[in-house]
Amino acid sequence: MRIVLVGPPGAGKGTQAQFIATHLSIPKISTGDIFRANVSGGTELGLLAKQYMDKGDLVPDEVTIAMVRDRLAEEDARKGFLLDGFPRTVPQAETLKEMLAEWGDKLDLVLELIVDEDEVVRRLSGRRTCAQCGRVSHVVFESGGSGKTVDVCGYCGGQLFQRDDDKEETVRHRLEVYTEQTAPLVSFYANEGILVGIDATGPVEEITERAMAELRPFTK
Ligand code: AP5
């Protein structure tokens with residue numbers, strides 16, 4: 001299966017991608033994660049990407065597309081993949097379509113995660129990432145109802161940190177960038193006849209179940 005997840009920052013793409021990819025035994029490919037790994041590693045790509053990411057802007061298309069082309073050409077992605085955070089502009093979507101066609105492939109489904117802006121801001125202000133295993137969690141939602149914030153990962157006990165681009169003013173700019181540059185993908189993929197929107201509010205497991213209900217027909 002070849003799937004794309006689209007939705008605003010904080011819609012839960014990364015959270016859902018890890019569960020869906022595990023259910024379907026396909027690799028989850030997150031451009032945000034690849035850029036962040038390059039930033040941490042101090043690579044040339046990371047240094048370039050950081051200039052854009054810190055401001056909440058998109059990394060230029062040619063850089064992002066070249067990186068994704070290399071990743072999709074790897075053996076584990078040849079039989080299917082789940083893309084999280086790519087494409088993010090219409091030119092990226094057009095190039096992805098051409099790239100897959102060159103390999104005799106095409107996308108099966110684009111899942112749009114629908115949430116409103118207030119929920120996005122609530123989610124991103126509390127988002128934390130584990131420095132050890134990379135899992136994403138939320139300092140308040142995952143307190144087990146105690147209301148206390150948590151600072152260690154519930155999966156592996158690693159230290160949690162806040163992403164640099166989750167500061168309030170950067171989040172607001174990322175939302176503007178989404179509306180201007182990424183939201184047009186919704187009509188792009190609707191025209192292609194492969195877009196399905198799901199309500200991405202409520203418990204994480206229920207959203208995974210809604211997504212799997214849309215994806216199951218393709219797994220037979
Ligand atoms: P990227 O990492 O892709 O960021 P994003 O799209 O802004 O998405 P987020 O990671 O912020 O949110 P998410 O939807 O994954 O939500 P999450 O699951 O974490 O990109 C970062 C940057 O890299 C970009 O700004 C750009 O600079 C660059 N970049 C990346 N791809 C690019 C591309 N293609 N082209 C150009 N530049 C690119 O959830 C958020 C929080 O909510 C978490 O705390 C989570 O625990 C919580 N949560 C999740 N689900 C629920 C729920 N159901 N109920 C309550 N809380 C929930």
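When a ligand or atom number is given, it counts from 1 through the structure's own listing order.
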* Asked: With sequence neighbours excluded, what pairs up with Glu94 under the salt bridge (charged side-chain N to carboxylate O under 4.0 Å, His left out) test?
  -> none

Where ligand 1 meets [X] - atom numbers and elements under 4.0 angstrom, heavy-atom basis:
X	result
Ile207	53 (N)
Lys13	5 (P), 6 (O), 8 (O), 12 (O), 13 (P), 14 (O), 15 (O), 16 (O), 18 (O)
Gly85	31 (N), 32 (C), 33 (C), 34 (N)
Gly12	13 (P), 14 (O), 16 (O), 17 (P), 18 (O), 39 (O)
Thr64	33 (C), 34 (N), 35 (N), 36 (C)
Val204	50 (N), 51 (C), 52 (C), 53 (N)
Asp57	26 (C), 27 (O)
Thr31	30 (C), 31 (N), 32 (C), 34 (N)

Please determine whether a side-chain nitrogen of the Lys or Arg among [X] and [Y] lies less than 4.0 Å from a carboxylate oxygen of the Asp or Glu.
X	Y	value
Glu168	Arg172	yes
Arg210	Glu206	yes
Glu169	Lys55	no
Glu75	Arg78	no
Arg71	Asp76	yes
Arg174	Asp166	yes
Glu102	Arg69	yes

* To do: Report yes or no: does Glu206 have a heavy atom closer than 4.0 Å to ligand 1?
  =>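 No, Glu206 has no heavy atoms under 4.0 Å from ligand 1.
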
* Asked: Do other residues, nucleotides or ligands put more than 12 heavy atoms under 6.0 Å from Gln51 CD?
  ->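 Counting other residues, nucleotides and ligands, CD of Gln51 exceeds 12 neighbours.
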
* Asked: Does CD in Glu117 sit with more than 12 non-hydrogen atoms of other residues, nucleotides or ligands closer than 6.0 Å?
  ->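 Atom CD in Glu117 is not crowded, with 12 or fewer foreign heavy atoms closer than 6.0 Å.
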
What's the shortest distance from [atom] to any protein heavy atom, and which residue and atom give it?
atom	value
atom 56 (N) of ligand 1	Phe141 CD1, 3.0 Å
atom 37 (N) of ligand 1	Val59 N, 3.0 Å
atom 12 (O) of ligand 1	Gly10 N, 2.9 Å
atom 38 (C) of ligand 1	Phe35 CE1, 3.7 Å

Using distance alone, determine whether [X] and ligand 1 share an N or O pair under 3.5 Å.
X	result
Arg127	yes
Gly202	yes
Arg174	yes
Gly14	yes
Gly7	no
Ser137	yes

* At under 4.0 Å between heavy atoms, which part of Pro60 makes contact with ligand 1: side chain, backbone, both or neither? -> neither

* Have a look at ligand 1 and work out which part of Thr15, if any, has a heavy atom under 4.0 Å from it: side chain, backbone, both or neither. => both

Option of least heavy-atom distance to [atom] (set: [options]):
atom	options	answer
atom 20 (O) of ligand 1	Met53, Arg88, His173	Arg88
atom 48 (N) of ligand 1	Glu205, Gln92, Arg123, Arg36	Arg123
atom 43 (C) of ligand 1	Thr89, Val136, Leu58	Val136

* Asked: Gln181 and side-chain contact (heavy atoms from CB on, under 4.5 Å): which partner among Val90, Asp61, Thr89?
  ->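 Of Val90, Asp61, Thr89, side-chain contact (heavy atoms from CB on, under 4.5 Å) with Gln181 is met by Thr89 alone.
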
* Could you check His173 against Asp57 for side-chain hydrogen bond (donor to acceptor under 3.5 Å, both in side chains), going step by step and ending with a plain yes or no? => CA-CA 8 Å; His173 182 61; Asp57 287 327; 2.6 Å; yes

* **Heavy-atom side-chain proximity of Val115 to Arg123 below 4.5 angstrom** => yes

* **Side chains of Val110 and Glu192 in contact at under 4.5 Å (non-hydrogen atoms)** =>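 No; the side chains remain at least 4.5 Å from each other.
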
